[in-house]
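Below: the structure, in structure tokens.
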Amino acid sequence: MAKKLDAGHIERERTKKQRASRKEEARQNMQEDIARNQRGERKMTYIPPVQKEGAAPDAPLLKAAAYIRVSTQEDMQMGSFEMQKIHFLDVIRNNPRYELARLYCDEGISGTQVHNRAEFQQMIEDAKDGKIDIVLTKSITRFGRNIVDILTTLRTLDALNPPVRVIFETDGINTLDGNNKLLISILAVLAELESYQKSEAIKAGIRWRMQEGIYKFTVVNTLGYYRDYTGTVKIEPAEAEIVHYIYDSFLEGSSPDDIAESLAAQGIKSPKGMERWRSGTIKGILGNEKYCGDVEYQKPYTKDYLTHKSAKNRNILGKFYWENTHPAIIKRSDWEKAQVLLQEKKRSPRRSRLKDMPKRFVIAKIKTGPLRGYYLLDAAWDKDDREKFIDIITSLSELEGS
């Protein structure tokens with residue numbers, strides 16, 4: 001009869017395996033293969049190019065850098081990312097005219113905006129400081145997907161003294177060759193067009209999954225919920241207590257302002273870890289359909305594929321409302337009562353402004369100097385706070401004048 005299995009040991013190991021990062025495991029395997037090659041377990045013979053006649057063997061070495069970028073952190077892209085690093089290291093080390101300056105790598109970063117690519121920006125600064133003579137990169141699409149950014153950066157590098165050339169390997173382009181300027185412009189346009197088409201295809205896929213109810217909505221900063229390693233939405237018990245407290249307090253008659261102050265006084269931090277709670281955060285939690293187990297897709301939408309900025313969907317695109325998609329924290333009946341109360345408070349007249357003022361605002365009035373008579377606004381106030389403050393001051397001025 002077969003020996004009994006050690007179930008505890010097996011399940012612990014299986015859990016470890018499930019939790020291990022596939023990306024890190026693949027990266028480690030690749031590095032181990034490289035190490036085996038370096039130990040001589042596999043042999044490679046490099047065949048150098050034939051030196052052209054007239055080349056100056058004693059010319060100064062070029063400080064060569066390489067720029068590497070992939071737009072996602074998926075396994076396939078991770079492999080491409082590692083292979084690009086290995087490839088450009090080999091190219092630079094095996095070229096007798098080059099000395100390695102540095103590899104600049106942006107992993108999982110879109111190419112549509114330069115300001116999001118820290119390594120790219122560092123490369124340009126190093127080029128300006130004279131640390132780079134030549135930049136190697138795979139293609140124009142790796143360099144960027146925004147026409148303005150690509151051309152502006154290339155002009156910046158070309159204007160340096162001496163100019164820094166960029167070689168786009170798969171495109172066969174050297175930027176110091178004046179005959180390539182028109183081709184670079186055309187390829188930059190195509191790179192941006194490809195980015196636009198990809199963005200539209202991705203959005204279409206997301207909307208299809210929303211329509212089918214299989215899109216994985218985010219629960220980041222959603223108090224009381226998290227996704228486990230399988231992507232399943234689960235309730236976080238400790239945070240769920242806070243959600244219950246907010247709903248119970250509101251249904252018992254407390255205002256969002258009162259609840260925010262109470263939570264802060266109890267030392268409970270906001271979903272983003274702040275000491276102070278905003279009434280807007282409380283209203284957002286009270287109005288969030290996720291707490292009764294539903295989800296409304298496409299409440300915000302991406303306005304621009306270049307900036308990736310999102311905006312509230314105010315009757316611009318259709319929405320998809322799915323019920324019972326995940327465990328509820330609040331009973332549906334209580335959630336619906338909260339929605340009725342929220343609507344009633346929107347329609348009800350504001351309480352006395354003079355009563356609101358001491359609870360809501362700490363006001364500082366300048367008493368001397370050229371700004372005498374002006375009030376200091378708290379930088380932490382949102383737009384509603386500022387407008388409410390101005391209304392209060394206006395009301396007080398009217399009372400003083402009457």
Side-chain angles (χ1 to χ4, degrees), residues 18-19 22 71-74 108 110 196-251 256 259 270-272 277-305 307-347:
Q18 289 169 353
R19 291 179 179 174
R22 291 184 301 162
S71 56
T72 69
Q73 295 186 352
E74 295 176 2
S110 169
Y196 170 76
Q197 291 172 334
K198 183 184 289 186
S199 172
E200 290 300 304
I202 289 171
K203 286 192 286 188
I206 288 173
R207 284 173 190 153
W208 179 82
R209 292 196 295 276
M210 287 178 173
Q211 186 173 343
E212 296 299 317
I214 57 175
Y215 180 70
K216 289 189 176 180
F217 55 90
T218 181
V219 290
V220 176
N221 294 325
T222 304
L223 199 69
Y225 287 116
Y226 72 98
R227 284 190 183 274
D228 66 10
Y229 69 95
T230 67
T232 304
V233 175
K234 296 289 185 70
I235 293 174
E236 209 298 309
E239 291 188 344
E241 288 184 37
I242 304 172
V243 177
H244 278 293
Y245 176 84
I246 291 170
Y247 274 84
D248 290 345
S249 300
F250 186 65
L251 293 175
I259 298 170
S270 74
K272 293 186 177 181
W277 285 73
R278 297 180 180 276
S279 63
T281 303
I282 303 299
K283 290 176 186 175
I285 291 171
L286 290 169
N288 193 335
E289 77 286 345
K290 292 185 180 72
Y291 291 112
C292 70
D294 299 347
V295 63
E296 184 176 87
Y297 291 122
Q298 212 156 240
K299 287 191 286 188
Y301 74 104
T302 302
K303 292 182 66 176
D304 191 331
Y305 75 99
T307 63
H308 305 291
K309 287 185 177 178
S310 61
K312 286 186 178 180
N313 183 6
R314 302 183 188 278
N315 294 319
I316 304 297
L317 300 171
K319 298 177 183 178
F320 308 96
Y321 193 101
W322 283 88
E323 297 181 6
N324 303 316
T325 59
H326 56 279
I329 293 177
I330 302 299
K331 292 180 181 177
R332 185 174 297 277
S333 58
D334 288 342
W335 185 83
E336 289 173 348
K337 288 176 187 176
Q339 306 319 297
V340 173
L341 283 174
L342 284 172
Q343 290 301 317
E344 288 178 354
K345 288 185 181 294
K346 282 183 181 180
R347 291 191 294 266

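Because only heavy atoms are used, hydrogens play no part in the values below, and waters and symmetry mates are left out as well, while side chains stay in.
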**Report entry** Polar side-chain atom of Glu236 near backbone of Gly224 as donor-acceptor pair, under 3.5 Å
**Finding:** no
Query raised in the report: For Tyr225, which residues count as a ring-ring contact (aromatic ring centres under 6.0 Å, His included) partner, sequence neighbours excluded?
Result: Tyr291, His326
**Report entry** Glu289 side chain vs Trp322 backbone, donor-acceptor pair below 3.5 Å
**Finding:** no
Query raised in the report: Rounded to the nearest 0.5 Å, how far does CG of Leu286 lie from CD1 of Ile246?
Result: 6.5 Å
Query raised in the report: Can any side-chain N or O of Glu323 pair as donor or acceptor with the backbone N or O of Gly293 at less than 3.5 Å?
Result: no
**Report entry** Glu241 side, atom CD; Leu223 side, atom CG - distance, nearest 0.5 Å
**Finding:** 11.0 Å
**Report entry** Distance, nearest 0.5 Å, that separates SG of Cys292 from CD1 of Ile330
**Finding:** 9.5 Å
Query raised in the report: With distance as the sole test, does Arg227 use its side chain to make a donor-acceptor pair with the main-chain N or O of Phe217 at under 3.5 Å?
Result: yes
Query - Reported NZ-to-CZ distance for the pair Lys283 and Phe250, which is rounded to 0.5 angstrom - result: 9.0 Å
Report task. Check whether any side-chain heavy atom of Asp334 lies under 4.5 Å from a side-chain heavy atom of Tyr247, and answer yes or no. Result -> no
Requested in this report: Give a yes or no answer on whether the side chain of Gln343 reaches the backbone of Gln339 with a donor-acceptor pair at less than 3.5 Å.
Outcome: no
Query raised in the report: Is the side chain of Tyr226 donor-acceptor paired with the backbone N or O of Val233 at a distance under 3.5 Å, no angle test?
Result: no
Query raised in the report: Are the side chain of Asp294 and the backbone of Asn324 linked by a donor-acceptor contact shorter than 3.5 Å?
Result: yes
Query raised in the report: Are any side-chain N or O atoms of His244 and backbone N or O atoms of Glu239, one a donor and one an acceptor, separated by less than 3.5 Å?
Result: no
Query raised in the report: What distance do Lys337 atom NZ and Lys331 atom NZ have between them, rounded to the nearest 0.5 Å?
Result: 9.0 Å
Query raised in the report: Who passes side-chain contact (heavy atoms from CB on, under 4.5 Å) against Thr230, sequence neighbours left out?
Result: Asp228, Thr232
Report task. For Thr281, enumerate each residue passing the side-chain contact (heavy atoms from CB on, under 4.5 Å) test, keeping only those at least two apart in sequence or located in another chain. Result -> Pro271, Trp277, Arg278, Ile285
